[in-house]
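See below for the structure under consideration.
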Amino acid sequence: DAGVTQSPTHLIKTRGQHVTLRCSPISGHKSVSWYQQVLGQGPQFIFQYYEKEERGRGNFPDRFSARQFPNYSSELNVNALLLGDSALYLCASSSRGYQPQHFGDGTRLSIL
Amino acid sequence: GQQVMQIPQYQHVQEGEDFTTYCNSSTTLSNIQWYKQRPGGHPVFLIQLVKSGEVKKQKRLTFQFGEAKKNSSLHITATQTTDVGTYFCAGDSGGSNYKLTFGKGTLLTVNP
């Protein structure tokens, strides 16, 4: 079975632009979570969605938003990009929200 | 908000030596999870501990969850070069707003 897939792999944007990152969970998993990982730090929780509803939100500004589709795939949107948004964005899926997370390879976002 | 602290930040050992990393939460956890991330890779789930005082073993790895469910440890016996990577603990406090909080991780390097 395929693991968690994320697209794109790499992305370069400039300040003020917006970006959409995509994630497809493992087949059968209904929960998707998004994390931001800065070099040398642990993943920071952004959102969790389960059955298309937001079940958890981390300490990120309103510029960050997400949604989950009927097929359980998910998008993370970031508006008005700042230099500090440069990071690896990880998507993880699980069968239920509190179950172990299965991570994708991430999207490396660079802001110029 | 909830904080999860890990020590040490770095650990360099000779192959065959033991290694331990410690994790402490500012709040009581409903469960704790451990992940390993190889350089350039994504976090990979190792184990989940749920019960107070729980101890689980995976070959050379031993995981413990404290009696108060606020601390945990990972011990590796007789390290091998394949153990190289960053080990993260991640805690979930439970509640309606799901949030998995990762520690900053312990980077383990092993000298052959």
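Everything numeric in this text was worked out from a predicted model, so none of it was measured. Below, chain A is the first sequence line, B the second, and so on; all start at residue 1.
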Close side-chain approach of A/F45 to B/Y98, heavy-atom, < 4.5 Å: yes

Note, A/S33 side chain near B/L100 side chain (heavy atom, < 4.5 Å): no

Answer yes if [X] and [Y] sit in the same cluster of Ile, Leu, Val, Met, Phe, Trp and Tyr residues linked by side chain heavy atoms under 4.5 Å apart, and no otherwise.
X	Y	value
B/F45	B/V84	no
B/I32	B/Y87	yes
B/L61	B/L108	yes
A/I26	A/F47	no

Chi angles and distances behind the side-chain contact (heavy atoms from CB on, under 4.5 Å) call for B/K99, A/N59: CA-CA 10 Å; B/K99 182 177 177 181; A/N59 300 326; 3.1 Å; yes

Parallel, tilted or perpendicular: ring planes of B/F102 versus A/Y35, cut at 30 and 60 degrees: perpendicular

Is the [atom1] atom of [X] crowded by more than 12 outside heavy atoms at less than 6.0 Å?
X	atom1	result
B/H12	NE2	yes
A/R63	CZ	yes
B/K104	NZ	no
A/K52	NZ	yes

Greatest number of heavy atom pairs closer than 4.5 Å to chain B - which of A/A92, A/G106, A/G104: A/G104

Contacting moiety of A/Q48, where chain B heavy atoms sit under 4.5 Å: side chain

How close do [X] and [Y] get, counting heavy atoms only, and between which atoms?
X	Y	value
A/Q37	B/Q37	NE2-OE1, 2.9 Å
B/Q33	A/Q99	NE2-O, 4.1 Å
B/Q48	A/P100	OE1-CD, 3.8 Å

Nearest-0.5 Å distance, CZ of residue A/F103 to OH of residue B/Y35: 5.5 Å

Spatial distance of atom CG (A/L88) from atom NE2 (B/H42) [nearest 0.5 Å]: 10.5 Å

Interface residue of largest heavy-atom contact number with chain A, from B/G105, B/P43, B/G103, B/G40, under 4.5 Å: B/P43

